[in-house]
Structure formats: C-alpha cells, structure tokens
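What follows is a single structure, written as structure tokens, with notes after it.
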Amino acid sequence: GSRQWALRLPRLRQDFTGTGDLTAALLLAWMQRLPRAEQLGEVLERVGASLQAVLAHTQAAGRSEICLIQSQAELREPVVSHRA
C-alpha cells in the first residue's frame, strides 16, 4: 500500500535564498543513501534536520543566502529533532 509522510518544522521569520535548491539536492542525496520505500520517513527527517542547521548558521551570520560551507558537518550527519 501507499503511505503519506509529513514533517513539520518551526517557521523562521526570515527570507532565505537557495532553500529550494538545497532541499532538492538533499532529497536526492538521502534517497540514494536510503533507497528503500520504508526509509522515506528517515530521509525526510534528515533533510529537515540539515535544512534547520543550515538556516541556523545563516541566521547567526546575519545573511539571507544560505551558509553551506559553515554547515558541512550537519549536512553530512544531521541531528534529527523532528520526526516524520
């Protein structure tokens, strides 16, 4: 049967540049590493955790264009705090 997944993340009150491209890239990367259908929830959790970390670095730097270099560790090994 088919399943639906949802991941709710806190809304940030700032506009960022590059989040759509980053989300697409992270989805592709994590889906390649975790290819089974039953792993999709974990894929979404890792994508969300990575996005949150990147945006936290970006906010701390006072920028709107996402800070990828400063977020390399969290992109490779995100700390998941929200579950799908």
Side-chain angles (χ1 to χ4, degrees):
S2 64
R3 293 187 70 176
Q4 293 183 355
W5 298 93
L7 180 65
R8 294 186 184 271
L9 299 173
R11 182 177 174 91
L12 301 175
R13 299 207 181 276
Q14 180 178 339
D15 292 327
F16 298 95
T17 302
T19 55
D21 292 334
L22 178 58
T23 300
L26 289 168
L27 277 169
L28 288 172
W30 282 111
M31 287 176 76
Q32 185 176 12
R33 288 181 70 180
L34 302 169
R36 296 192 321 267
E38 63 270 11
Q39 294 174 304
L40 186 55
E42 186 177 350
V43 167
L44 292 175
E45 292 166 356
R46 290 179 185 224
V47 169
S50 293
L51 279 168
Q52 285 187 302
V54 170
L55 297 181
H57 282 290
T58 303
Q59 276 191 320
R63 297 179 57 193
S64 63
E65 188 168 331
I66 56 176
C67 295
L68 293 175
I69 301 302
Q70 299 85 339
S71 308
Q72 288 182 46
E74 293 90 345
L75 289 170
R76 282 192 297 273
E77 293 296 329
V79 177
V80 173
S81 59
H82 293 82
R83 299 289 174 189

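Numbers for residues simply follow the sequence, beginning at 1.
Side-chain contact between Pro10 and His82 is present, with at least one heavy-atom pair separated by less than 4.5 Å. Between Leu26 and Leu75, some side-chain heavy-atom pair lies under the 4.5 Å cut-off. Leu22 places a side-chain heavy atom less than 4.5 Å from the side chain of Leu68.
Rounding to the nearest 0.5 Å places OG of Ser71 at 10.5 Å from CZ of Arg76. Here the CG-CD distance, from Leu12 to Gln52, works out to 7.5 Å after rounding to the nearest 0.5 Å. Note that OG of Ser50 is 9.5 Å distant from CD of Glu77, once rounded to the nearest 0.5 Å.
Hydrophobic clustering of Ile, Leu, Val, Met, Phe, Trp and Tyr side chains at less than 4.5 Å, counting indirect connections, unites Trp5 with Leu51. A continuous path of ILVMFWY side-chain contacts below 4.5 Å connects Leu34 to Met31, so both sit in one hydrophobic cluster. Trp30 and Leu40 end up in the same hydrophobic cluster when Ile, Leu, Val, Met, Phe, Trp and Tyr side chains are linked at under 4.5 Å.
Considering all non-hydrogen atoms of both residues, Val79 and Ala49 come closest at O-CB, 3.3 Å. Residues Ala84 and Gly41 approach most closely at CB-O, 3.6 Å, considering heavy atoms. Nearest heavy-atom pair, Phe16 versus Gln59, reported as atom, atom and distance to 0.1 Å: CZ-CG, 3.7 Å.
Sorted by first and then second residue, the salt bridge (Lys or Arg N to Asp or Glu O under 4.0 Å) pairs involving residues 19-48 (not counting sequence neighbours) are Arg36-Glu38, Glu42-Arg46, Glu45-Arg83.
Remark: the backbone N or O of Ser64 is not paired with any side-chain donor or acceptor of Thr58 at under 3.5 angstrom.
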May I have the step-by-step check of side-chain contact (heavy atoms from CB on, under 4.5 Å) for Leu27 and Leu44, ending in yes or no? CA-CA 7 Å; Leu27 277 169; Leu44 292 175; 4.0 Å; yes

